[in-house]
Amino acid sequence: MRLRLSPQTLLVLDAFLVRADEWKYGYDLSRATGLKSGTLYPILMRMAERELLETQWEAGEPGRPPRHMYRFTPDGLRFARTSVSAATSGGLGQVALGRILSGLIGSG
Amino acid sequence: MGTPRNLAARLLRAIVRMAPEESREWALAMLRELDFIDGEWAALFWAIGSVAAIVRHAACHWRRWMKHETKEDGKMNEKGKKALGVGIGLFSSLMLVGCAFAILRIAGALFPGLDIDHLEWTHILTVIVIPEAIFVTAAVLLWRKRGPVAAGILTTALVVALHVVAHLTLHW
């Protein structure tokens with residue numbers, strides 16, 4: 001269950017930890033993290049392949065195409081909590097750094 | 001629906017059709033998000049990023065499959081390895097020419113005022129000069145370590161060059 005913990009991955013894990021039991025959409029995650037689709041989706045794909053994320057098609061309203069949703073598996077939730085707390089308490093402060101970088105990219 | 005969003009939808013629909021089985025669900029997920037994106041250009045950038053993500057995902061699967069197949073077969077014979085290398089060179093260089101052509105068409109659709117589609121020099125520069133320069137550079141760099149791939153790339157370069165010569169002979 002190895003996942004490279006880049007600042008972008010930590011941002012995604014962090015975004016999933018907000019109301020972790022709720023299903024989340026790709027575009028909402030992109031807005032929450034400031035990551036573009038080309039960065040966000042490979043992370044989601046890797047997380048799903050390692051069974052850290054479960055995916056589901058939303059049973060949408062009639063006439064509206066369903067959306068793909070994502071949520072932590074129990075393993076994923078444990079992994080995210082450990083990784084994010086290790087990163088924030090560690091000397092690197094990668095999540096904070098990631099947030100600053102993402103803010104800079106977003107505002108720039 | 002404006003032109004950039006329209007292009008984004010067409011691009012993602014094409015990717016959904018072309019994506020391998022293991023990536024198709026993700027491509028469809030990205031397409032479905034398009035309706036919720038504010039802004040025409042944001043939709044187009046979303047689609048371009050999504051295409052990159054799907055290509056990477058498909059390439060990873062393909063690489064894994066290749067490794068697995070090679071392990072299963074024991075050692076692939078020398079001829080097979082060379083043929084595969086030439087195939088990779090041909091495929092990647094043809095993809096580059098295809099992408100250059102697609103960029104030209106997209107630019108033509110996005111900026112109709114510039115009349116890019118009807119300017120011959122833009123075609124020559126984008127589809128011939130730049131790709132040929134990349135092919136020659138890549139072939140020189142790869143020649144020692146990946147000879148068959150370089151040979152595949154050079155074959156495409158030669159075909160493109162012959163196409164240009166034939167075109168010039170016939171039309172000028």
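Here is the naming used below: chain letters follow the sequence lines, and residue numbers restart at 1 for every chain. Every value quoted in this text rests on a predicted model; they were computed, and no experiment measured them.
Side chains of A:Pro65 and B:Leu31 form no contact here, defined as non-hydrogen atoms less than 4.5 Å apart. Here the side chains of A:Arg67 and B:Phe36 are in contact, with some heavy-atom distance below 4.5 Å.
No other option in B:Ala53, B:Ala52, B:Ser23 has as many heavy-atom pairs under 4.5 Å with chain A as B:Ala53.
Within a 6.0 Å sphere centred on CZ of A:Arg71, heavy atoms belonging to other residues, nucleotides or ligands number more than 12.
Tracing side-chain contacts under 4.5 Å through hydrophobic residues (I, L, V, M, F, W, Y), one never reaches B:Leu154 starting from B:Leu84; they form parts of separate clusters. Linking Ile, Leu, Val, Met, Phe, Trp and Tyr whenever their side-chain heavy atoms come within less than 4.5 Å puts B:Ile106 and B:Trp41 in one cluster. Under the 4.5 Å side-chain heavy-atom criterion for Ile, Leu, Val, Met, Phe, Trp and Tyr, B:Val86 and B:Leu94 are members of distinct hydrophobic clusters. Note on A:Leu40 and A:Trp23: separate hydrophobic clusters, where clusters join Ile, Leu, Val, Met, Phe, Trp and Tyr whose side-chain heavy atoms are under 4.5 Å apart, directly or indirectly.
Shown here for A:Ser37 and B:Phe45, the closest heavy-atom pair between the two residues is OG-O, 4.2 Å. Here the shortest heavy-atom pairing between B:Asp38 and A:Tyr27 reads N-OH, 3.8 Å.
For B:Leu28, the parts sitting under 4.5 Å from any heavy atom of chain A are the backbone and the side chain alike. Contact of A:Thr55 with chain B is made through the side chain alone, with heavy-atom distances under 4.5 Å.
A:Tyr41 pairs with exactly one of B:Glu33, B:Arg56, B:His57 by the side-chain contact (heavy atoms from CB on, under 4.5 Å) rule, that one being B:Glu33.
Shown here are the ring pair (Phe, Tyr, Trp, His ring centres under 6.0 Å) partners of A:Trp57, two or more places apart in sequence or in another chain: A:His68.
In this structure, the separation between CD on A:Glu49 and SG on B:Cys60 is 8.0 Å, given to the nearest 0.5 Å.
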Donor-acceptor pairs are to be reported for all side-chain atoms of residues 127-138 of chain B against protein atoms at under 3.5 Å, with residues two or more places apart or in another chain.
| unit_1 | atom_1 | unit_2 | atom_2 | d |
| --- | --- | --- | --- | --- |
| B:Glu132 | OE2 | B:Ala161 | N | 3.3 |
| B:Thr137 | OG1 | B:Ala133 | O | 2.6 |

